[in-house]
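Data block below; observations after.
Counting from 1, the numbers follow the sequence of the chain as shown.
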Amino acid sequence: MARVFHTFATAALVLLLWSGAGLAASLTVASPAFKDGDRMPRSAGCEGGDHSPPLSISGAPAETKTLAILMTEQDSPRSVIALWMAYNLPGNLANLPENQPRTRQMKGEGLQLPGPGGRMGYTGPCPPSGLTRRYVIEVFALDASLDLPENATKQEFLLAVEGHILARGKLFGKFKK
């Protein structure tokens, strides 16, 4: 019963954040590696190097203190899986280099959390052979720095972000092995 409630609560929180609740402004999130809605590069996936894609971010409000990133797989039969969670990036960051290290500390400022299997940092798309899955990279402009433990979960990440969102933007990608 507790597991069902936890799943329901997480789904409700994700829906709330993604629905635009809070009337946050829009960020523009893009990547020089792929266009919104198109196929992500092979290098981003599990068989091509597992490199986080480079990101370009614009439109953050002047009062933005930090940025946070959440990349999720949308088509997993288990639930919406967080493949990348990063936070406390500089609020004025315009370009995030590709291939972030698989450590808590990112290149420059910013911290990462573990994803599937407890692996720190970015975990690239790795759908079953022959299946195309959809992925969303969402960037949040926040009015505060986040204080999260090194092993924080997706739910803890989302709860920490809630109430601090000034603007958000999304970049959609597809991946097939």
Side-chain angles (χ1 to χ4, degrees), residues 6 9-10 13-14 16-18 22 24-34 40-41 43-46 49-74 76 79-126 135-173:
H6 178 267
T10 300
L13 182 58
V14 169
L16 176 69
L17 288 171
W18 283 49
S26 287
L27 288 175
T28 300
V29 181
S31 177
F34 67 100
M40 297 172 76
S43 63
C46 62
D50 232 6
H51 295 177
S52 61
L55 297 177
S56 299
I57 303 160
S58 61
E63 60 273 19
T64 300
K65 301 279 190 246
T66 64
L67 299 173
I69 299 170
L70 174 64
M71 179 175 152
T72 55
E73 179 180 312
Q74 301 297 294
S76 172
S79 66
V80 176
I81 296 174
L83 297 176
W84 191 21
M85 295 181 286
Y87 64 101
N88 290 350
L89 287 95
N92 62 353
L93 181 72
N95 294 295
L96 182 66
E98 73 177 314
N99 197 20
Q100 290 295 317
R102 289 180 187 85
T103 59
R104 179 136 167 88
Q105 180 66 50
M106 299 177 77
K107 293 177 185 172
E109 294 181 53
L111 299 171
Q112 300 181 102
L113 294 170
R119 181 177 172 199
M120 190 59 72
Y122 177 85
T123 299
C126 199
Y135 300 86
V136 178
I137 300 172
E138 187 162 15
V139 178
F140 301 95
L142 306 175
D143 64 3
S145 294
L146 301 180
D147 183 21
L148 290 165
E150 188 172 321
N151 61 346
T153 65
K154 178 178 76 171
Q155 183 177 15
E156 290 169 320
F157 174 88
L158 291 171
L159 286 170
V161 167
E162 184 180 7
H164 295 287
I165 302 170
L166 300 172
R168 65 164 51 97
K170 298 177 186 175
L171 175 64
F172 294 87

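Summarising the geometry, atom CZ belonging to Phe172 is positioned 8.0 Å from atom CD belonging to Glu138; distances are rounded to the nearest 0.5 Å. Distance check: Arg168 CZ to Leu27 CG gives 9.5 Å after rounding to the nearest 0.5 Å. In this structure, the separation between CD1 on Ile81 and OG1 on Thr123 is 10.0 Å, given to the nearest 0.5 Å. Rounding to the nearest 0.5 Å places CD1 of Ile57 at 8.0 Å from CG of Asn95. Atom NZ in Lys107 sits 12.5 Å away from atom CG in Leu89 (nearest 0.5 Å). Separating the CG atom in Leu113 from the OG1 atom in Thr153 is a distance of 9.0 Å, to the nearest 0.5 Å.
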Mind listing the side-chain donor-acceptor pairs of residues 139-150 below 3.5 Å, one per line with the distance, residues two or more places apart or on another chain?
unit_1: Asp143; atom_1: OD1; unit_2: His164; atom_2: ND1; d: 2.7

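For Ser26, there are no side-chain contact (heavy atoms from CB on, under 4.5 Å) partners at least two apart in sequence or on another chain. Residues forming a salt bridge (charged side-chain N to carboxylate O under 4.0 Å, His left out) with Arg119 (at least two apart in sequence, or on another chain): Asp50. For the side-chain hydrogen bond (donor to acceptor under 3.5 Å, both in side chains) test, no residue two or more places apart in sequence or in another chain qualifies with Asn92. By the side-chain contact (heavy atoms from CB on, under 4.5 Å) test, Thr28 is found to be paired with Ser58, residues two or more places apart in sequence or in another chain being considered. Applying the salt bridge (charged side-chain N to carboxylate O under 4.0 Å, His left out) criterion to Glu98, with sequence neighbours excluded, gives no partner residue. By the side-chain contact (heavy atoms from CB on, under 4.5 Å) test, Pro41 is found to be paired with Ala33, Phe34, Ser43, Ala44, residues two or more places apart in sequence or in another chain being considered.
Side-chain atoms of Ser52 come within 3.5 Å of backbone atoms of Asn99 as a donor-acceptor pair (strictly under, hydrogens ignored). Checked by atom type and distance alone, the side chain of Lys154 pairs as donor or acceptor with a backbone atom of Val80 at under 3.5 Å.
Two residues are said to be in side-chain contact when any heavy atoms from C-beta on lie closer than 4.5 Å; Val136 and Met71 fail this criterion. Side-chain atoms of Leu55 and Ile69, non-hydrogen and from C-beta on, do get closer than 4.5 Å to each other.
Between Gln112 and the choices Gln100, Gln105, Arg102, Arg104, the side chain to side chain contact (heavy atoms under 4.5 Å, CB included) rule is met once, by Gln100.
Counting only residues at least two apart or in different chains, ring pair (Phe, Tyr, Trp, His ring centres under 6.0 Å) contacts with residues 85-123 comprise Trp84-Tyr122.
Scanning all heavy atoms of the two residues, the minimum distance from Pro114 to Met120 falls at N-SD, 3.7 Å.
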